[in-house]
Each structure stands twice: as C-alpha cells, then as structure tokens.
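Read the structure below first, then the notes.
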Amino acid sequence: MNRKIIGLEEGLGYMQDGITKIERILEGRPEPPFNSEEYMKLYTTIYNMCLQTPPDDHTQQLYDKYRQAIQGYITSTVLPSIRAKHDEFMLKELVKRWANHKVMLRWLSHLFYYLDRHLIACRSLPSLKEVGLLYFRDLVYRDVHVKVRDAVITLIDKEREGEQVDRALLKNVLDFFVEIGMGQMNRYEEDFEAHMLQDTGAYYSRKASNWILEDSCPDYMLKSEECLKKERDRVGHYLHSSSETKLSERAQHELLVTHVNQLLDKEHSGCRVLLRDDKVEDLSRMYRLYSKIPLGLKLVADIFKQHITAEGIALVQQAEDAASSKASNAAAGVQEQVLIRKIIELHDKYVEYVTDCFENHALFHKALEEAFEVVCNETVAGSSSAELLTTFCDNVLKKSGSEKLSDEAIEETLEKVVKLLAYISDKDLFAEFYRKRLARRLLFDRSANDDRERSILTKLKQQRGGQFTSKMEGMVTDLTLARENQANFEDYLRSNSAARPGIDLTVTVLTTGFWPSYKSSDLNLPAEMVKCVEVFKGFYETKTKHRKLTWIYSLGTCHISGKFEQKTIELIVSTYQAAVLLLFNASDRLSYSEIMAQLNLTHDDLVRLLHSLSCAKYQILSKEPNTKTISQSDYFKFNSKFTDKLRRIKIPLPPVDERKQVVDDVGKQRRYAIDAAIVRVMKSRKVLGYQQLVSECVEQLSRMFKPDIKAIKKQIEDLITREYLERDKENANMFKYLA
Amino acid sequence: MMRRSASKKTGQPNSTNPITYSPSDLFRTASSKASSKEMERIDNLFYAYANRSSGMIDPEGIETLCSDMEVDHTDVRILMLAWKMRAEKQGYFILEEWRRGLKALRADTVSKLRKALPELEKEIRRPSNFVDFYSYSFRYCLTEEKQKSIDIESICQLLDLVLGSQFRAQVDYFIDYLKIQSDYKVINMDQWMGFFRFCNEISFPDLNNYNPDLAWPLVLDNFVEWMQAKQS
C-alpha cells in the first residue's frame with residue numbers, strides 16, 4: 001500500500017517541466033502537445049504529493065514554485081514583449097498575451113487541480129488561477145495600463161474623425177480592463193472610462209465650439225444627432241454597456257447643453273425662426289434632442305410660448321388697427337369676426353405642433369395654454385374677448401349670420417369656440433353677453449336653428465358645468481313652452497268671442513330668473529294694443545293665479561300696414577316704433593314734444609325711435625327740418641310718398657349698447673360671488689391666514705373669473721363690518737369666522 | 001361752587017353693638033369712615049356739575065368742569081379722563097362712572113383732579129395701556145345705537161387728538177389723504193386699529209417695509225400708494 005514517496009526536488013522538477021512545456025506551446029515554439037501519458041503522470045505526481053504526510057508534505061513549496069514560475073514567465077517574457085510595442089501594435093500584443101495567459105492558467109489549474117483543492121481547503125490561500133491573474137495584474141497591468149488606455153482613446157478619436165478602426169481589437173482590450181478588475185468594475189471605470197469620458201468631453205467641446213459658430217441651427221442639430229447616435233453605437237461595438245448613459249450624457253452636455261442658448265437663439269435659424277417658417281422636421285429633431293434635457297426643453301417650450309403669444313397678439317393688433325381705421329361700423333364688426341376665426345386657426349395649428357412635433361409633452365401643452373391665456377384676454381377696440389366671442393357665436397347661430405357653413409362645419413366651429421372659452425378668464429362676462437345675444441336671437445326669431453342652439457349649450461355644459469348653462473337652457477325651454485302656450489291662447493280666443501282683441505296677438509311668457517333683466521317702461525300703448533294686453537291677462541289668469549306678468553314692450557314686434565300713395569307696404573317694426581307710427585292715424589303732423597307727451601318715453605329712447613323712422617334707410621316719417629339728427633324742436637309727418645320695391649320691409653331699430661350694463665351687472669354678481677366664496681372658505685376653515693384665504697378664494701372663483709385682489713380685500717372688510725369675520729387680536733394677518 | 005347734598009347719609013349700619021371694640025376694629029372703622037367720607041365728597045362733586053333733572057353730568061356740565069380745571073374741553077386729557085371712568089356715552093358722565101374714575105385717581109376735589117391729570121397721561125402713554133385707550137377713543141365716538149363707523153371729518157379730528165403728539169407725520173399725511181380720497185366716507189374699528197399698527201410697525205415716510213400683500217386694510221394700501229406716487 002505504500003506509495004512511493006516523491007521527494008521535493010523531484011516534484012519541483014516535474015512541475016517546472018509541465019510549466020515550461022505549456023509556455024513553449026503558447027510561445028508558438030515547436031513543441032508537441034501533452035499526450036495523455038505525460039498528462040496523467042504529471043497530474044498523479046501532484047496528486048500523490050498532496051496526499052503525502054509530513055515530513056514529506058511539500059505542498060507549500062509546490063505552491064511557491066508555481067507562483068515563482070508564473071511571476072518569472074511574466075517578468076521575463078510577457079511584459080517585455082508588450083512594452084516593446086506601441087500604439088495599436090501594443091494593444092494587439094497585450095490582447096494576445098492576455099488570452100495566452102488565461103489559457104495557461106486554465107491548463108495549469110487542470111494539471112495541478114489537486115494542489116488547488118488541497119491548499120484552498122486547508123489553508124485558504126488564493127487559488128492557482130487567482131494567483132496567476134493577480135500576477136498579471138500587478139506586473140503587467142500596472143505597468144502598461146496608462147499607455148494602453150491612451151492608445152485606445154486615440155483609436156476612438158480616430159474613429160470619430162471618420163477613420164476605420166479595428167473594433168474587435170478595441171472590444172478585446174476593453175474586455176481585458178473589465179476582466180482584470182476580477183469581479184469589480186473599478187479598473188475599467190477608474191483607469192479607462194473616466195479618462196475616456198474626459199476625452200470625449202474635450203473632443204465634443206472643441207467640435208461644438210466650432211460648429212456653433214459656423215453652422216445653422218438645423219445643421220448643428222443634425223450633426224449632434226449623428227454624433228450621439230454614433231456614440232451609442234460605439235457602446236454596442238466595443239465599450240462596456242455600463243458606459244452608455246455616462247457617455248451619452250457627456251457628449252450631450254457638450255453638444256447640447258453648453259451652447260443651448262446660442263443654438264436656440266441663432267439669429268437666422270434658431271428656434272424662433274424655425275417656428276416662424278414652420279420647419280416641422282427641424283423642430284421635431286429639436287424636441288428629440290432635448291427631450292432628455294429638462295433645462296433645454298424648458299427653453300424650447302418658452303420660445304414656443306413666446307412665439308404663439310406674439311402671433312396671437314399680432315392678430316389682435318391687426319384687428320385693432322382695422323377697427324380703428326376710418327372703416328364703417330359693419331366693416332369693423334367683420335374684423336372682429338375674422339379675428340376669432342384666425343385665433344381658432346392659430347390654436348388648431350399649434351395644437352398640432354404639440355401633438356406631432358412635441359409628442360404631447362406636458363411642458364408644451366402648458367406653453368400653449370399660457371400663450372392663449374394671454375392672447376384670449378386682449379381687448380379689441382374696447383370690446384373684451386368675452387364679448388368678441390359671443391358676437392362670433394351670434395354670427396354663427398343667427399339666420400343672417402356672416403358665417404355660411406355646413407352643419408358639420410358649424411358643429412366643429414362651436415366645439416372650437418367652447419375650447420377657446422377655457423382660456424378666457426372672465427367667463428362670467430361671456431355668460432352674461434351670451435345670454436343677452438341669445439335673448440335677442442330667440443325673441444326676434446333670428447335663431448337659425450334650434451338644434452344648433454341646443455348643441456352649443458350642451459358643449460358649454462360639458463366643459464363648464466350645469467350651473468354655467470342652466471339659465472340659458474331655461475331661456476330656450478321658455479321659447480318652446482311659449483309656442484305651446486300660444487296654441488292654448490289661440491284655442492281660448494276661439495272659444496271666447498268676447499275676448500277677441502281684434503288684432504293677431506302672439507305673447508311669449510318669459511321666466512324672469514332665466515332672462516337678462518330688462519327695464520319695463522311706462523309706454524302709453526296705443527288703444528288697440530291695450531285691449532290685447534287685457535285679453536291675454538284674462539287668459540293667463542285662467543291658467544295660473546300666482547304669477548305676476550310684467551310687460552316688456554321694448555322686446556315686442558309689430559306688423560303694420562302702411563297705406564302709402566303708391567302702394568301698401570307691410571312694415572315690420574318694434575312695438576315702440578309701432579306706437580309712434582300709430583299716433584299718425586289720428587294726427588297728420590306732430591311735434592317732438594307732442595309725441596313725447598303722448599307716449600311717455602325717455603328722451604334717449606324717443607330720439608332713437610324717431611331717427612330710425614325718419615333719418616335712416618326707410619323714411620316712413622318726414623321730418624321738419626330735414627336734418628340728419630333729431631332735435632326736440634322737430635316736427636314729423638306721415639310720409640305718404642314713401643315707397644319701396646318690396647311689399648314687406650323691416651325697419652331696424654339699432655339696439656342700445658348693452659356693454660355698460662353687462663359689465664355693471666357682472667361687477668355686481670362678482671361682489672356677491674366673492675362674498676360667498678370668502679364665507680364658504682372661512683366657514684369650513686374657522687381660522688385662516690389672509691394670504692391663504694385670498695388664494696383659496698381665487699382658486700374657487702377662477703372657474704368663472706379672475707378676481708381682483710383688492711376686491712377680495714374689500715369684501716373681507718365688509719364681512720368684518722357685518723360681523724361675519726373678525727381679525728385675530730394677536731396676529732393681524734389672521735381671520736376668524738364668527739358663527 | 002359746592003352744593004350741599006340734600007340728603008346726607010347717617011353713620012354706619014346699626015347692627016353691630018359698638019361697645020366692645022378691639023384695636024383693629026378701631027382702625028377698620030376709621031379707614032372705612034375715611035373712605036366713605038371720600039366717596040361723599042366725590043358724590044358731592046358730581047352733583048355740583050350734574051344736570052338737576054337728568055341726574056348726570058351733561059356736555060354743559062363737562063364744559064364747566066373743564067373751565068374749573070383750566071383745561072380746554074377739546075383737550076385729549078378729557079378723553080383720557082373719560083377712559084379712566086370707562087364712560088360709555090360721549091359728553092355724559094353718570095355717577096357710577098364718575099365714582100369709578102375719581103376714586104381711581106384719588107381725587108375728591110377739582111384741584112386734586114386737575115393735579116391727577118399729568119399722572120393719568122403718563123399712565124395712558126404706557127404701551128400696555130395706550131392700545132386700550134386708542135380703541136376706547138373710537139368706541140367713545142360712536143354716538144348712535146347701531147353705529148359701527150365714524151365719518152371722515154370726525155376721524156381726522158380724533159386722529160389728531162389721540163395720535164397727533166406721538167405720530168405727527170403719519171397723522172398729518174393720513175389726514176390729508178382721507179380728505180382728498182373718495183372711496184371711503186366712514187372709517188370702521190378695524191381700519192382705526194389698523195392705522196395704529198401701521199404707525200408702530202411701518203417705517204415712515206419711506207414706507208420700505210410695507211407689504212400690500214399682507215392683510216392691511218385696503219384704505220392703508222391706497223394711502224401708501226398715494227404716498228409713493230407723491231414721493232416719486
């Protein structure tokens with residue numbers, strides 16, 4: 001059973017032979033490979049030696065021998081061969097030597113397997129492979145890594161300049177950096193990557209500095225895009241994947257961040273110019289490039305916002321200029337109409353930009369919003385944007401409107417109008433003007449289409465909520481009910497011969513709360529009409545006893561037969577105008593004061609009426625003196641010579657300017673709204689600081705209007721006087737709710 | 001001129017048997033005797049100026065009192081006296097108020113009362129008391145039942161009277177402003193107190209630390225705007 005003891009010298013000799021053989025093979029010397037006998041002999045020798053017990057236990061010396069051999073080989077052969085070469089050749093040599101080394105270690109590990117196991121098990125020493133690697137690192141790597149790194153970076157820069165380089169070689173070198181870290185990435189990162197990044201930075205810094213001066217913005221962006229793509233590819237081809245982000249960032253920084261302002265603000269090709277010239281592709285590229293750079297993207301979004309704002313303001317200015325030029329009123333109205341159309345188009349255009357160029361990014365949505373919030377709150381020739389928008393709607397919705405479009409186009413237009421409303425801060429003003437215009441359309445039968453009226457109300461309701469449209473809907477419903485009511489009235493008349501007024505009468509009963517407020521006047525009705533009113537009252541009382549009827553004659557229409565010398569013409573006039581005309585059934589000639597006395601109207605109203613009948617397009621009355629304005633000393637006669645080619649004409653009465661009243665009404669509403677908001681907030685919070693109170697009120701009210709901070713302060717003070725609130729004794733900026 | 005009171009209160013209540021006194025009892029009786037004597041004089045003084053039918057000192061009586069004290073009836077010290085008495089109705093003192101004030105001032109004659117005024121003024125000028133006096137002076141001017149505010153003209157006079165010596169510049173400018181503005185016809189308590197805070201906290205006339213975004217009353221925001229427009 002006694003195996004032959006292998007002595008130390010013998011063992012060392014065997015080992016050396018094995019190592020030398022491998023070296024020679026790897027050196028490419030003529031050396032036959034191991035045959036199985038040799039292999040087994042060596043393997044077994046080592047194996048047996050490991051099992052030998054003291055005093056023949058020489059495993060430590062074997063291990064040391066191994067180490068020395070590796071060290072020796074590296075020092076004498078490997079290192080010098082690498083050092084002897086330069087640049088790319090050195091890299092090639094390094095790669096070769098490293099590959100060889102790994103092979104050698106593998107073979108040796110197999111050969112001396114048992115030694116490995118034995119030692120590691122007993123004494124926790126580094127394995128043979130590990131030892132081998134450590135020597136390579138400490139003796140070769142430490143010595144050459146700087147030169148290697150520099151050679152690699154040189155090649156990278158060459159490739160950047162367009163030269164072909166040996167990518168496989170580079171990959172191998174960089175794999176070496178990774179592997180030599182022996183499980184850690186620190187060698188790759190500290191000894192190579194950090195320097196590569198710095199070099200990259202310097203490289204692109206130089207390039208960018210030149211390009212930014214020479215190239216246009218689109219060209220610069222193209223080049224940058226190319227470069228960044230190439231750098232990404234570089235990672236795919238030979239750099240370690242962990243370098244991708246850092247490399248991109250570094251290149252990006254030099255190309256896109258350092259000169260961002262210069263780039264975007266380029267005089268003849270920068271962002272503003274691209275927007276102006278609708279260079280969609282270039283702008284898309286700009287977005288792509290800056291989408292990962294928040295700082296840059298914000299700048300682009302800001303320019304986008306400024307551009308839209310400027311375009312919008314320019315449109316407004318155009319309209320303003322056209323309106324204030326000496327054009328007639330009608331033309332001025334057209335300008336405002338055109339303006340809204342153009343603003344809608346502007347909006348459509350840039351919404352597309354946001355979705356297409358800027359990939360729906362929130363920053364650009366916001367920029368668009370903010371731009372339109374400025375544009376849509378400008379005044380044109382004294383009309384607020386809220387008013388302009390309602391005028392626009394009026395034209396779309398009324399019969400004689402200037403917007404002649406198909407049903408589909410109308411639907412689309414109404415959609416867009418409602419969208420624009422979102423940008424207008426005085427939404428309550430819009431609602432009030434809208435109600436006034438709606439009233440006129442409904443009452444003077446000017447609405448083109450009931451469905452359209454309802455359609456826009458539905459859209460408004462969807463966007464702004466039911467409260468916004470409830471009164472308007474009430475108005476439309478009132479008209480529908482009024483038609484039914486009229487049918488009932490006619491039935492009543494048929495069955496009640498005594499009740500007949502002698503004139504065809506149509507009455508529209510309006511629910512007070514829904515409609516704008518109207519002054520009811522004390523007009524002295526012509527006798528014929530008085531009877532009408534009585535009859536209707538009689539009828540109405542059969543239906544309900546609990547309601548009071550207030551007659552608004554200013555909203556009525558009359559059809560009068562004018563028996564002129566040439567022919568009889570039917571005149572469609574307002575009730576007021578009819579009242580004036582009917583006076584001439586009893587008198588040939590009347591003075592201003594006589595008319596005034598008989599009708600009991602205000603001077604303002606009467607002047608307007610008489611003007612429409614004697615100084616405008618259709619002169620039903622002739623005036624002495626025949627001037628263009630009404631004065632209180634004028635005399636009027638029925639103009640029997642009047643004629644027209646039509647058998648029926650409408651005599652328009654220009655409406656009173658509602659603007660002031662609307663603005664006043666809205667002002668009042670706002671005071672109530674602010675008051676209610678303050679109370680609501682304080683009731684729930686009980687104690688609140690001033691600034692917070694103001695900001696919460698502003699937020700609550702913002703749905704309908706932008707409240708003036710001073711107005712809020714005033715209401716707070718009012719509420720203090722009315723003892724709803726009190727100021728805190730200790731902290732003057734704090735308010736308390738008094739239950 | 002002192003008026004003898006028609007009905008004079010006689011001595012002490014007769015419940016206690018005065019025969020067995022201890023020394024402390026003697027002192028007690030002596031001091032309460034003295035204080036009741038003082039109260040008597042205070043009351044007498046009251047009736048000297050009071051209106052015979054209403055039983056209280058009316059504006060006429062106050063004027064007489066003032067001339068006796070050699071103080072102008074529009075002098076701030078009369079207002080201070082009213083404060084000390086916690087008088088409720090402007091121009092009138094009732095007995096309870098009179099007693100309260102004069103007892104606190106330890107004055108039972110006109111000359112003692114007059115001599116007490118400087119001390120009273122000092123007392124009121126102490127910051128802890130002044131705020132109270134300042135707000136009192138506003139309330140004192142609310143003559144009608146449900147009145148909550150005071151007209152501009154009166155406010156200007158009141159400001160001058162109460163704050164004039166302490167904050168001359170602010171008062172002068174503010175009075176100028178109040179007279180030319182048209183937003184406010186009256187000033188309420190909150191605005192009144194606000195102005196006092198303004199004088200104490202805001203550097204004048206540069207107004208550098210005034211922030212209109214805080215809860216200062218709107219009238220002061222407008223005042224500051226006006227001042228800044230003038231200064232530019």
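The model shown is predicted, which means the values in this text are computed figures rather than measured ones. Side chains are part of it too, since the values below use all heavy atoms of this structure and drop only hydrogens, waters and symmetry mates. Just so we're on the same page: letters track the sequence lines, and every chain starts at 1.
- Remark: B/K112 NZ is packed, more than 12 non-hydrogen atoms of other residues, nucleotides or ligands lying under 6.0 Å away.
- Remark: B/E121 CD is packed, more than 12 non-hydrogen atoms of other residues, nucleotides or ligands lying under 6.0 Å away.
- The stretch residues 168-201 of chain B places B/Y184, B/N188, B/D190, B/Q191, B/R197 near chain A, each with some heavy atom under 4.5 Å from a heavy atom of that chain.
- Residue B/R125 qualifies as enclosed at atom CZ: its count of foreign heavy atoms under 6.0 Å is above 12.
- The interface of residues 677-686 of chain A with chain B, defined by heavy-atom distances below 4.5 Å, is empty.
- Proximity to chain B among residues 700-735 of chain A is limited to A/K710, A/K713, A/K714, A/E717, A/I720, A/T721, A/E723, A/R727, A/A732, A/N733, A/F735, judged by heavy-atom separations below 4.5 angstrom.
- Among residues 216-232 of chain B, the residues having any heavy atom closer than 4.5 Å to a heavy atom of chain A are, in sequence order, B/W216, B/P217, B/L218, B/D221, B/N222, B/E225.
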